[in-house]
Amino acid sequence: MSSSSPSKRVKVTPNKDPEEEPASESKPAILRIHGPDQKGIVAAFSQLLYGHGCGIVNAEQFTDSAANLFFQRIMFDHSTMHTDRTAIEFGIKEVCERFHMAYSLNWNDSKKKIAIMVSKYDHCLWELLLRHRADELDCDIVAIISNHEDLAHVAETFGIPYHVFKVTKATKAEVEQEELELLKERHDVDLVILARYMQIISDDFCRTFDHKVINIHHSFLPAFIGGRPYHRAHERGVKLIGATAHYATAELDEGPIIEQDITRISHRDAVNDLIRKGRLLEKSVLVTAVKAHLEDRVIVYNNKCVVFD
């Protein structure tokens with residue numbers, strides 16, 4: 001009888017097809033520009049980015065003919081860049097100076113840090129935190145500030161620090177400085193969200209976070225100023241209610257509008273129906289506005305906003 005040695009398994013590694021090689025990870029940056037409308041702007045920025053080895057992923061533009069202003073948002077991939085950021089930034093600055101444009105460039109190296117300010121109404125706070133947990137808001141929520149203890153349990157549920165600053169007429173200025181110190185010095189916050197925060201912030205606060213404070217309120221202004229607006233709207237027999245999200249400015253509730261929405265009301269709707277429908281609108285409108293800001297889709301000019309898709 002003949003004997004044979006055990007066969008050996010040989011691992012064969014197939015040749016790699018270059019076309020099947022995984023593509024390098026995309027590195028998106030966002031450039032926003034606006035200024036006087038004139039010929040050659042789009043071509044200039046396209047050529048600039050191409051010359052540095054960057055590819056345009058998405059570009060949107062708008063022209064305000066009445067104001068003769070041009071706006072553009074460009075998302076470009078810099079993973080294939082064959083120069084460096086300094087060179088691109090110098091080129092962008094040079095082109096903007098040539099066309100008298102203002103610009104903002106975000107390399108998306110890190111997520112924006114946001115803080116939420118809230119009083120006792122919790123519907124907007126819950127919505128923001130749940131959307132963030134679902135990865136629908138690309139940011140880091142670093143703090144929740146309130147003038148009441150009531151919603152501390154909500155912050156605890158999501159593991160977010162909850163800071164209470166009691167506000168009175170006598171201490172308002174001092175307390176606000178403490179809030180600013182927390183927001184700027186300790187957390188270096190990029191965006192503050194007033195999620196039904198029932199205190200008026202100062203001009204100094206607005207200047208510190210210029211176009212970086214988003215407020216939400218019902219759209220009854222200026223018709224129903226003050227407390228119990230839904231009760232007064234019901235008494236008036238309104239047929240539409242709405243919500244408005246805007247940047248907070250020194251002029252109370254007069255800042256640039258980012259997002260609005262409405263829903264119909266009928267004679268069958270009681271006050272509680274108006275409140276319920278209004279809160280649904282407030283949640284949706286606020287999240288939409290915050291998402292637009294986080295994604296650098298907003299350009300502010302002349303106290304209004306261009307909001308790209």
Does [X] have more than 12 heavy atoms from other residues, nucleotides or ligands lying within 6.0 Å of its [atom1]?
{"X": "Glu156", "atom1": "CD", "value": "no"}
{"X": "Tyr121", "atom1": "OH", "value": "no"}
{"X": "Glu60", "atom1": "CD", "value": "yes"}
{"X": "Phe62", "atom1": "CZ", "value": "yes"}

Would you check if [X] and [Y] make a side-chain contact, meaning some heavy-atom pair closer than 4.5 Å?
{"X": "Ile88", "Y": "Cys54", "result": "yes"}
{"X": "Ile114", "Y": "Leu137", "result": "no"}
{"X": "Thr171", "Y": "Lys166", "result": "no"}
{"X": "Val118", "Y": "His148", "result": "no"}
{"X": "Ile216", "Y": "Leu194", "result": "no"}
{"X": "Tyr230", "Y": "Arg232", "result": "no"}
{"X": "Arg279", "Y": "Glu127", "result": "no"}
{"X": "His132", "Y": "Cys139", "result": "yes"}

First locate atom [atom1] of [X], then atom [atom2] of [Y], and finally report the distance between them rounded to the nearest 0.5 Å.
{"X": "Cys305", "Y": "Glu259", "atom1": "SG", "atom2": "CD", "result": "10.5 Å"}
{"X": "Phe70", "Y": "Met101", "atom1": "CZ", "atom2": "CE", "result": "6.0 Å"}
{"X": "Leu69", "Y": "Asp64", "atom1": "CG", "atom2": "CG", "result": "6.0 Å"}
{"X": "Ile299", "Y": "His211", "atom1": "CD1", "atom2": "NE2", "result": "12.5 Å"}
{"X": "Ile74", "Y": "Leu49", "atom1": "CD1", "atom2": "CG", "result": "6.0 Å"}
{"X": "Thr208", "Y": "Glu179", "atom1": "OG1", "atom2": "CD", "result": "12.0 Å"}

Under a 3.5 Å distance rule, please check whether [X] uses its side chain to pair with a backbone N or O of [Y] as donor and acceptor.
{"X": "Lys239", "Y": "Gly237", "answer": "yes"}
{"X": "His234", "Y": "Asp269", "answer": "yes"}
{"X": "Ser119", "Y": "Met198", "answer": "yes"}
{"X": "Arg186", "Y": "Glu181", "answer": "no"}
{"X": "Ser26", "Y": "Asp77", "answer": "no"}
{"X": "Asp261", "Y": "Val285", "answer": "no"}
{"X": "Ser284", "Y": "Leu281", "answer": "no"}
{"X": "Lys113", "Y": "Asp140", "answer": "no"}
{"X": "Asn302", "Y": "Lys304", "answer": "no"}
{"X": "His153", "Y": "Asp150", "answer": "yes"}

Out of curiosity, does [Y] fall in the hydrophobic cluster containing [X] (side-chain heavy atoms, cut-off under 4.5 Å, transitive links)?
{"X": "Leu31", "Y": "Phe90", "answer": "no"}
{"X": "Ile92", "Y": "Met81", "answer": "yes"}
{"X": "Ile257", "Y": "Val290", "answer": "no"}
{"X": "Tyr103", "Y": "Met75", "answer": "no"}
{"X": "Tyr162", "Y": "Trp126", "answer": "yes"}

Would you check, one step at a time, whether the test side chain to side chain contact (heavy atoms under 4.5 Å, CB included) holds for Ile145 with Ile116? CA-CA 6 Å; Ile145 293 176; Ile116 302 172; over 6 Å; no
Going by salt bridge (charged side-chain N to carboxylate O under 4.0 Å, His left out), name the pairs with one or both residues in residues 199-212, residues two or more places apart or in two chains.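 For residues 199-212, and leaving out neighbouring residues, there are no salt bridge (charged side-chain N to carboxylate O under 4.0 Å, His left out) pairs at all.
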Not counting sequence neighbours, list each pair that qualifies as a salt bridge (charged side-chain N to carboxylate O under 4.0 Å, His left out) and has a residue in residues 81-110.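 The answer is Arg85-Asp109, Glu94-Arg98.
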List the steps, then state whether side chain to side chain contact (heavy atoms under 4.5 Å, CB included) holds for Arg73 with Ile30. CA-CA 7 Å; Arg73 176 184 185 268; Ile30 297 174; 3.2 Å; yes
Side chain to side chain donor-acceptor pair (under 3.5 Å) partners for Gln47, two or more places apart: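 In terms of side chain to side chain donor-acceptor pair (under 3.5 Å), with neighbours along the sequence ignored, Gln47 is linked to no residue.
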Could you go through the salt bridge (Lys or Arg N to Asp or Glu O under 4.0 Å) check for Asp273 and Arg268 one step at a time? CA-CA 9 Å; Asp273 295 316; Arg268 296 180 177 86; over 6 Å; no
All N/O donor-acceptor pairs, side-chain side in residues 33-44, below 3.5 Å, sequence neighbours left out:
| from | atom 1 | to | atom 2 | distance (Å) |
| --- | --- | --- | --- | --- |
| Gln38 | NE2 | Pro36 | O | 3.3 |
| Gln38 | NE2 | Phe99 | O | 2.9 |

Is the closest side-chain donor-acceptor distance between Thr83 and His52 under 3.5 Å?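 On atom types as modelled, these side chains qualify, holding a pair under 3.5 Å.
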Hey, are Glu282 and His123 close enough side-chain-wise for a donor-acceptor pair under 3.5 Å?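 The criterion, which ignores hydrogens and geometry beyond distance, is satisfied for Glu282 and His123.
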So which residues get pulled into Leu252's cluster when ILVMFWY side chains under 4.5 Å apart are joined, directly or through others? Ile200
Donor-acceptor contacts under 3.5 Å from residues 242-250 side chains, at least two apart:
| from | atom 1 | to | atom 2 | distance (Å) |
| --- | --- | --- | --- | --- |
| Thr244 | OG1 | Ser219 | OG | 2.6 |
| Thr244 | OG1 | Gln260 | NE2 | 2.9 |
| His246 | NE2 | Asn215 | ND2 | 3.4 |
| His246 | NE2 | His217 | NE2 | 3.3 |
| Tyr247 | OH | His293 | ND1 | 2.8 |
| Thr249 | OG1 | Glu251 | O | 3.3 |

Are the charged groups of [X] and [Y] less than 4.0 angstrom apart, N to O?
{"X": "Lys111", "Y": "Asp138", "answer": "yes"}
{"X": "Arg297", "Y": "Asp309", "answer": "no"}
{"X": "Arg196", "Y": "Asp122", "answer": "no"}

Worked verdict on Ile144 versus Leu151 for side chain to side chain contact (heavy atoms under 4.5 Å, CB included): CA-CA 9 Å; Ile144 298 173; Leu151 302 182; over 6 Å; no
Verdict with reasoning, Asn58 to Phe76, per side chain to side chain contact (heavy atoms under 4.5 Å, CB included): CA-CA 7 Å; Asn58 178 274; Phe76 63 93; over 6 Å; no
Compute the centroid of each ring, for Tyr301 and then for Phe71, and state whether the two points are separated by less than 6.0 Å. yes
With under 30° as parallel and over 60° as perpendicular, where do the rings of Phe205 and Phe209 fit, or are they tilted in between?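 If you compare the ring of Phe205 with that of Phe209, the planes turn out tilted.
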